[in-house]
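Whatever order the structure lists ligands and atoms in, that order sets their numbers, starting from 1. In this text, all values refer to a predicted model and were calculated from it rather than measured experimentally.
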Amino acid sequence: MTAAELLRALRQAFGDLGTWWPAESPFEVAVGALLVQAVTWRQAAQAVKALAVRGLLQPHALAAARHEDVASAIRPALFHQQKARYLIRFAQFTERDLAGDLRSLCRYPLAEQESMLLALPGVGRETAAAIMVYALGEAAAVVDAYAMRILPRVGALAPRPPRSAAGAAMAGAIAGRPERARLLHAGIVELGRLHCRPEPLCASCPLEAFCPKLLGYPVDGRSDRPASDAGRAAAGREAGNARGGRLAAAQGGRREGSRPVGQGRGGGLGQPQRQGKRPGRGHRGA
Ligand code: SF4
């Protein structure tokens, strides 16, 4: 299965995931992308809400905010001292270099957008790509831990591919289409979270009929063989539950593939909640 075939299968399996990362502004998306590093989306959403209550979800306000005020607001997202520094610096970049409008980054070529984002503290490749895809509407490939696990399993890449190969395969499937970039990333996360886990639940997987299941390579230090019969039965029950409200199941669960914030070039991203699925938050959030 190629990356393009995977994209088609994900569209069939999960439909339109276009509102998968709801937020009121591109800047709020970026704030959420920074806050969610190494924590759950529930924690990040609490921090985003706290910033909103304090009027700090605008670049000019956040850029001028006191460090201790921001750190206090985002305490639910952990690493709050470090993340406060990242957020204030990101806001200052938006305010000073982009005249307060994050979307004006779009006037630069994709590679330049990425370079500018990567130059900021706390922004790694995954965070930069997520900002480009979900805040700016660009056709970038978000290569996360889910993609690195799933692409080889479905046959789109050789085992243990370099990150660059995953990015190239995804970019080929995306083919410059922003909606494909969103669907590919969101679909891969959904698949990886619900079915193609480190211990894959192939029996319940919507791709089961098409996937070559190229397993046998340890993933995340665990077996990637299909689960036992008992595990499959449990998977079936879980999948049934998931279809009725699959994103709710993730609320509060530590995100897979996350890295401690600030480790290397930025942390990883998890799974935002689809609009209307987040309890108590409505549409606001990362
Ligand atoms: S869970 Fe199994 S069938 Fe589904 S994508 Fe992963 S390896 Fe393929």
- Item | Exceeds 12 heavy-atom contacts within 6.0 angstrom, atom CZ of Arg180 | yes

- So does Arg96 have more than 12 non-hydrogen atoms from other groups sitting under 6.0 Å from CZ? no

- Query: Heavy-atom distance to atom 5 (S) of ligand 1: which of Ser204, Ala209, Ala203, Cys196 wins?
  - Reply: Cys196

- Query: What residue and atom, counting heavy atoms only, is the protein's closest point to atom 8 (Fe) of ligand 1, and at what distance?
  - Reply: Cys211 SG, 2.3 Å

- Shortest non-hydrogen contact from Ala141 toward Ala171: CB-N, 4.2 Å

- Message: Taking 4.0 angstrom as the limit and counting only heavy atoms of His195, give me the atoms of ligand 1 inside it, by number and element.
- Response: 1 (S)

- Message: Which option wins on minimum heavy-atom distance to atom 4 (Fe) of ligand 1: Ala13, Cys205, Cys202, Gly155?
- Response: Cys205

- Task: Find the distance between CG (Leu105) and CG (Leu117) and round it off to the nearest 0.5 Å.
- Result: 5.5 Å

